Amino acid sequence: MVFASLFFVFVFLTLNLLSQLLLPKPTWKNLAMLMFSLVFYTWTGLRCTLLMLLMVFICKVGAVCIEESKSKKIPLAVTISLCLGILGVFKYAGFAVSTAALITGENFTVPQIVLPIGISFYTFQLISYVVDVYREEIPAQRSYWRLLLYACLFHQCIAGPIVRYKDVQKDLDERNMNVSDAAEGVRRFCTGLMKKAVIANSCSLIADRMLDVGADALTETSAAGIFLGLFALHLRNYFDFSGYSDMAIGMGLICGLHYKENFNYPYISQSVSEFWRRWHISLCTFFRDYLYFPLGGSRCSVLLQLRNLFVVWFLTGLWHGAGWNYILWGLYWGVMLVIQKFVVRNHLSWLPAPIKILGITLISILGLTIFQFTDLSLMIIALKGLFMMNGNPLTDFGTALIFKNNIFLLLFGILAATPIFKIMRDRLKEKSETDTLAYVVFAACEIFIPLILFLLAVDALAGDSYNPFIYFQF
Amino acid sequence: MAQDNKQKISDTTLSTAKIFVFGTILAAFFFIGLMMSLRPHVSVLEKRKLAEFPEITFLGVWNGTFFKDLDIWYSDTYPLREEMIAADKKVESAYGVRSEQIIAGKGDVPKKPDEIKPAEPEENLPDGTVRTIGEMRGPVYIANNCGYELYSFFEDVNLEFAQTMNNIYSRFRGVVDVYVMMVPTGAGVMLDKSVLDYLGTSDELAAVKFDYSKMDPGIKKVEVVETLRRHNAEYIYFHTDHHWTALGAYYAYREFCKVKGIEPHDIKDYETRELPGFLGSFYSESNQSPEIAANPDTVIAYIPKGTNKMTMINENNEREEYNVINDMTGASPSAYYLTFVMGDAPLCFTHNETLHDGSAVLVIKDSHGNAFIPWLVDHYEYVYWIDPRYTKNTISQMIRDYGIKDVIYEVGIYGASNPYMYGRYDQIGW
């Protein structure tokens, strides 16, 4: 099941919220939430659910062993190895075999293994749980079903944010639902749904029109056309992923669960490191806390720092997909970080903020070219095409028409990717505390804007019989 | 303190109101979705059969396909779906600056083009030209209880359309024969020039000739406006729908045969199927005009002799078997046009086993093509057709995989003015 579907919104979510509202005790709410989450996950196939149940069992036993044994490292290593091993088999076996075939020239049979939905997300959640038990930051959860609820909670198990057990344990135990959180949750959910169903999906169509065209057509596509396609992708990625996070956070709030923010307006970043402090925050903090810092972080020699950055960004790329383009993309960002940290440093701090933002935007879009094309030959055509090295023109009438037909959408997307609407809302809210007219306007906006966003989103969903979230492959 | 309490009460009231409004709307959508009797089986808007409730199998539950199909069924047949799509289209129209296409207003006057070889004159036929001044109901012009959609010509987009066709042709020159057949609206065929001038609409024959004059000489152009005008006393356009009838498509087919150099079959040789009571697109677009309701259509279809079987490859890449001419008895009267090849789909084909010459044609069509395609079935062993709005196939792929020798672009005259449509031609025209 996906969030952006009529069935999820009109049936599943409605029944789920009803169960959370009507059931009086936290335990009953949690049991109902677990049932709904298992149904949600089983939507992708019973076999995927069984795998998740197994993974949770492994981590439950592993965490208890870690807590009770004198040598904690062994059960930790075994548990993490098993989790990563399962992830490796399902996600990377095909990639590993095809790469070995490429290197050796042998004709290996590439296994066709169906990737269980969300395996990357819940595996990392469970690893974070097990490591936090090892670090004695949280006690091991003795109840299998409570740990299962944490891992498979449908709000975030399919596509994040990666939630740490310590961040939701209290909420899960107490389940304090209140009107204020619920109202904020409604607003976040409606905003997220609109971001995904309207902006992200529309930008996706533009990107497909320009880029999903095959080698011959891509070679002929003008530089402006390729750039327009990549820019639309750039917007799509943000609105798709942050929209999903908004929906997850919103649904959590309605149910009394507080997830941390996963996106903080990354497209206003003025440096590479700032970008990655604002983009997919839960993944970045995971790699920082569970890999980068244990490796030594930046508190070591320059050579070791470079090694640590290489490892983290290699794995970041690999996490995003089983393909060399994803690894290259991760390393690309690693190189950008190294350049910023060791070469640029503060030398460009004098540049005005808009120039720095534009620079990071262009770096991000260039990186997208690597990320988007799993076929390396198409990637090269696109990269060359950006600089008219395919013999392609600067622009063409088709690109101009598509741009003209979508100019307001793109402009709105640019604005919505900045905090401008949030600032306007905050200022109006502040004024409403002392001004009656402002309060009336604020109240009307608070009630009707989420409703309008919701209706726009469901109208957009109506035409899509199937509308998968782009991060589903993870 | 009192002020803080007052603020808290206000915040709580506001939050409660927000939750109440959202909850009410969500509950309303939930209950509407439960009303199974309201779920449609056919989409009038998209001219296709909608998803059916999936069969429950262990394999489907095991691998998730049952749930995926259930999701699709729920969304596809949601009772308010078409209204929601219509609302979404209105929102999409605000995404950017778009050329005016379907308006009853003054477009450019098509410049006098070079002459195209005129159709051979036939015996004197009765004149069915409409000279009555009617009225507008929404976007539909109604005269003599018949609806018409009005056309405006804009030179810039038509030049782009012609250039698009030239670009496509240049990729396949010498590989396949490329035909372009622009299909006029009923207004362009039935209404007198005086009425068209009164309404401020453009002459469609001049528009078609202009477009053809800008196309490569190697493209085989099929001019059908003049022959349709000569037969405008006959039932060649629906009264309640923007499509032509099978008879109108037949006259276009005869023009195609002339250009291709083959002998058309006699319409009298075909078995017919009739379905009265059709109320098409004009009925809904005119807000259920009583004049149109008083003049419902009869869908008369001519069943191909070689085969009436067709295969559809749907959006999920699954094969579905239908007839070229389907029996729509029992369906909603607004869906009777699905009689012809079951509407629009990514890819469909027929195999006429009475022919063994390997001949294959590809028709890139809009919905007018649905009534035209049945006439080709008896001439080609294989007839393939794709709707550019839905297909992911490219022409070179079709040529490679199916041995296509003729490619026919059936273009409703609006398609030539629709950058999205001819943009799609370009995308798949590789």
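Quick note on labels: first sequence line is chain A, next is B, and so on, each numbered from 1. The figures here come from the full heavy-atom set of this structure, side chains too, leaving out hydrogens, waters and symmetry mates. Because the structure is predicted, anything quoted here is derived from the model rather than measured.
Put simply, the side chain of Leu6(A) does not reach to within 4.5 Å of the side chain of Arg81(B), judged on heavy atoms. Residues Leu34(B) and Val11(A) have side chains not in contact (no heavy-atom distance under 4.5 Å, counting atoms from C-beta outward). Counting heavy atoms from C-beta on, the side chains of Leu410(A) and Tyr95(B) never come closer than 4.5 Å. When side chains are defined from C-beta on, Leu14(B) counts as touching Tyr439(A), because their heavy atoms get closer than 4.5 Å. Side-chain atoms of Asp88(B) and Leu456(A), non-hydrogen and from C-beta on, never get closer than 4.5 Å to each other. Within the 4.5 Å cutoff, no side-chain heavy atoms of Trp73(B) are placed close to those of Phe7(A).
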Hey, can you pull the donor-acceptor pairs under 3.5 Å for the side chains in residues 15-22 of chain B, sequence neighbours left out?
residue	atom	partner	partner atom	Å
Ser15(B)	OG	Asp11(B)	O	2.9
Thr16(B)	OG1	Thr12(B)	O	2.7
Lys18(B)	NZ	Glu446(A)	OE1	2.8

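With a 4.5 angstrom heavy-atom cutoff, Thr42(A) touches chain B via backbone and side-chain atoms both. The part of Leu455(A) that comes within reach of chain B is its side chain, from C-beta onward, which places non-hydrogen atoms under 4.5 angstrom from that chain. Contact of Leu21(A) with chain B is not made at all, since no heavy-atom distance falls under 4.5 Å. No part of Cys48(A) comes within reach of chain B, as not one of its non-hydrogen atoms sits under 4.5 angstrom from that chain. Proximity to chain B is limited to the side chain of Phe189(A), based on heavy atoms less than 4.5 angstrom apart. With a 4.5 angstrom heavy-atom cutoff, Phe67(B) touches chain A via backbone and side-chain atoms both. Interface residue Leu50(A): only side-chain heavy atoms are found under 4.5 Å from chain B.
Taking OG1 from Thr14(A) and CD1 from Ile25(B), the interatomic distance works out to 11.5 Å, rounded to the nearest 0.5 Å. To the nearest 0.5 Å, atoms CD1 (Ile85(B)) and CG (Asp459(A)) are separated by 9.5 Å. The CZ atom of Phe454(A) lies 6.0 Å from the CZ atom of Phe29(B); values are rounded to the nearest 0.5 Å. A distance of 9.5 Å separates CG of Leu26(B) from CG of Leu15(A), quoted to the nearest 0.5 Å. With values rounded to the nearest 0.5 angstrom, Leu451(A) atom CG is found 10.0 Å from Thr24(B) atom OG1. Taking CD from Glu92(B) and CG from Asn405(A), the interatomic distance works out to 11.0 Å, rounded to the nearest 0.5 Å.
The most heavy-atom pairs under 4.5 Å with chain B, out of Thr49(A), Val179(A), Ile447(A), come from Val179(A). Among the candidates Phe403(A), Trp43(A), Phe408(A), the residue making the largest number of heavy-atom pairs closer than 4.5 Å to chain B is Trp43(A).
The side-chain hydrogen bond (donor to acceptor under 3.5 Å, both in side chains) test applied to Asn166(B) returns no partner, not counting sequence neighbours.
Taking every heavy atom of both residues into account, Phe10(A) and Phe30(B) meet most closely at O-CD1, 3.0 Å.
Surrounding CD of Glu430(A) are at most 12 heavy atoms belonging to other residues, nucleotides or ligands under 6.0 Å away. Heavy-atom neighbours of Glu318(B) CD from other residues, nucleotides or ligands within 6.0 Å: above the threshold of 12.
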